[in-house]
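Read through the structure below, which is laid out as structure tokens, and then see the notes.
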There are 2 protein chains.
Amino acid sequence: MSSCDQCVVRNRAICSALDKDEINSLNGIGRRRSLVAGESLIWEGEDSVLVANVIEGVLKLSTGTEDGREQIVGVVYPSDFIGRPFGGTTNHGVTALTDARVCVFSRGDFDNFAREHPGLEHKLLQRTLTELDRTRRWMLLLGRKSASEKVASFLLELSDRLAPATCEPGDEGKANRFVLPFSRQQIADVLGLTIETVSRQFTRLRGEGIIDLPSRREVIITDRFALTAEAG
Amino acid sequence: MSSCDQCVVRNRAICSALDKDEINSLNGIGRRRSLVAGESLIWEGEDSVLVANVIEGVLKLSTGTEDGREQIVGVVYPSDFIGRPFGGTTNHGVTALTDARVCVFSRGDFDNFAREHPGLEHKLLQRTLTELDRTRRWMLLLGRKSASEKVASFLLELSDRLAPATCEPGDEGKANRFVLPFSRQQIADVLGLTIETVSRQFTRLRGEGIIDLPSRREVIITDRFALTAEAG
DNA sequence: CGCCCGCTTGATAGCGCTCAACATGCGTGG
DNA sequence: CCACGCATGTTGAGCGCTATCAAGCGGGCG
């Protein structure tokens, strides 16, 4: 029933490295799980006990300081991998931003399975290298960009990453209209800003006719060129 | 001569996954290279043609905006791996901060070798996962910490990472006295600050008796407890 | 000795944070 | 169906931290 055969991310997730028999045995150690928006799958600082693939929805990876400041250190989308295989504790919490479905494995089971299937480890390595590249690019934004550049960059990144889901093939895999999976506070936590600064940048961009905001959670990019210029 | 047998990072680098025969064939496709401080090994945006292991020295990974702002996105130490295997372009430059020696491979050769040696890929995966964790922790610093917290955190991290080299076994693998491999500008580029702010934080910490600065490039941590408190 | 580069120190300004009031939307219950 | 309350987001006023601009210092090297 919950077979991998009909999994919508079957050909994009790391599972694509496996043949039919291998998929079946992987299926044996994993299970589906649904999350409602706001629900956490993993908490910061706990032992790494599970790993997972995202089937549907958007989740955040976040860490914070003792005095309550928070920073979102990553956002994962369908077909992305979650968790810390091969020992160690998880340094960041994982929380659903939208309702989500994931395919979870006990870390021990997954570790053993992966070690016996180099093809899977190879896919995981590629994914991890890509994620590291993306994270490093984000460091430039956090360390060196102004608030307006941060917000513009954020919207452009989102329009890229959400494209497969919204599927409006106007701009070659870039969505010009989408629903934000983030509250204003969460956007602030991604960009290292405050909620007020994010809000002001949104209204400014709307005032300049670069974006439109039909509702709190909806964004339309009306002038992608100008937005790209804003992103620095 | 340049055999891996006598390599000082032989047991710490990813090569430790290999047996004697495998090491020999890896030796066949790699070569040693020396870099002087300031010399670049890889440039931002170029095709990924090389990968390497660090044998000796410290190197920075950095990216910048078109208008000249720079952000250091990683720092690598002996036994660390450099470069982007398995396709793609390199998103950041790699430049020696000190004189350095590295063990370089053509990326194509390395890719092929790695795919035939799952143990090596496994080590590389572990290393990449660890680096991703470290990078994400750094995002909290860039996005949410004040200048004083940034500088304190930086000094503590350095005292950890430099410990194997300085080897003064007083504080369980943490060096209380070390030579900075960074100029003030480079420290600013790591922390997302300006050179002036870094300088002011240094003199403040010295004034409060938390650190001592015998010369521009030397640091002594005189009150680790207070420095840890400063780091937030 | 004198220049040059890296660093420090000082004065000022501006960006983004803080605190606060207000708006909007949504669910709940009368 | 409207009244109300709460959560989320917007707008405003003022301030503080860090950037910016500028001058001075000091050590190393020709």
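Note on naming: letters A, B, ... go to the chains in the order of the sequence lines (proteins, then strands), and numbering restarts at 1 for each one. None of the values given here were measured: they were computed from a predicted structure.
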Open item on the list: Show me the pairs that pass salt bridge (charged side-chain N to carboxylate O under 4.0 Å, His left out) and involve residues 57-69 of chain A, at least two apart or across chains.
Closed with: A/Lys60-A/Glu70, A/Asp67-A/Arg69, A/Arg69-B/Glu149

Task: Non-neighbouring partners of A/Phe202 that pass ring pair (Phe, Tyr, Trp, His ring centres under 6.0 Å), sequence neighbours left out - done: none

Open item on the list: If you take any heavy atom closer than 4.0 Å to DNA chain D, which residues from residues 185-199 of chain B end up in contact?
Closed with: B/Gly192, B/Leu193, B/Thr194, B/Glu196, B/Thr197

Open item on the list: Once side-chain hydrogen bond (donor to acceptor under 3.5 Å, both in side chains) is applied, do any residues pair with A/Thr197, and if so which ones, sequence neighbours excluded?
Closed with: A/Thr194

- [ ] Check A/Ala147 against A/Gln201 and note the closest heavy-atom contact, atom names and distance.
- [x] CB-NE2, 4.0 Å

Task: Range on DNA chain D touched by chain A, heavy atoms, distance below 4.0 Å - done: D/dT8 to D/dA13

- [ ] Considering only heavy atoms of chain B and a distance under 4.0 Å, specify the first and last nucleotide of DNA chain C in 5' to 3' order that meet this criterion.
- [x] C/dG6 to C/dA11

TODO: Apply ring pair (Phe, Tyr, Trp, His ring centres under 6.0 Å) to B/Tyr77 and list each qualifying residue two or more places apart in sequence or on a separate chain.
DONE: none

Task: Polar side-chain atom of A/Ser199 near backbone of A/Ile195 as donor-acceptor pair, under 3.5 Å - done: no

Open item on the list: If the threshold is 4.0 Å, N to carboxylate O, is there a salt bridge linking A/Arg32 and A/Glu56?
Closed with: no

TODO: Supply the atom-to-atom distance A/Leu193 CG to A/Arg184 CZ, rounded to the nearest 0.5 angstrom.
DONE: 13.0 Å

Open item on the list: Could you work out, with side-chain hydrogen bond (donor to acceptor under 3.5 Å, both in side chains) as the rule, every residue matching B/Glu230, not counting sequence neighbours?
Closed with: B/Arg204

Open item on the list: Using the salt bridge (Lys or Arg N to Asp or Glu O under 4.0 Å) criterion, which residues pair with A/Arg127? Sequence neighbours excluded.
Closed with: A/Asp80

- [ ] Pull out every residue in residues 200-221 of chain B that has a heavy atom closer than 4.0 Å to any atom of DNA chain D, ordered by number, or say none.
- [x] B/Arg200, B/Arg216

Open item on the list: So, using side-chain hydrogen bond (donor to acceptor under 3.5 Å, both in side chains) as the criterion, who are the partners of B/Thr95 when residues are at least two apart?
Closed with: B/Ser40

Task: Partner residues of B/Arg144 under the side-chain hydrogen bond (donor to acceptor under 3.5 Å, both in side chains) criterion, sequence neighbours left out - done: A/Asp189

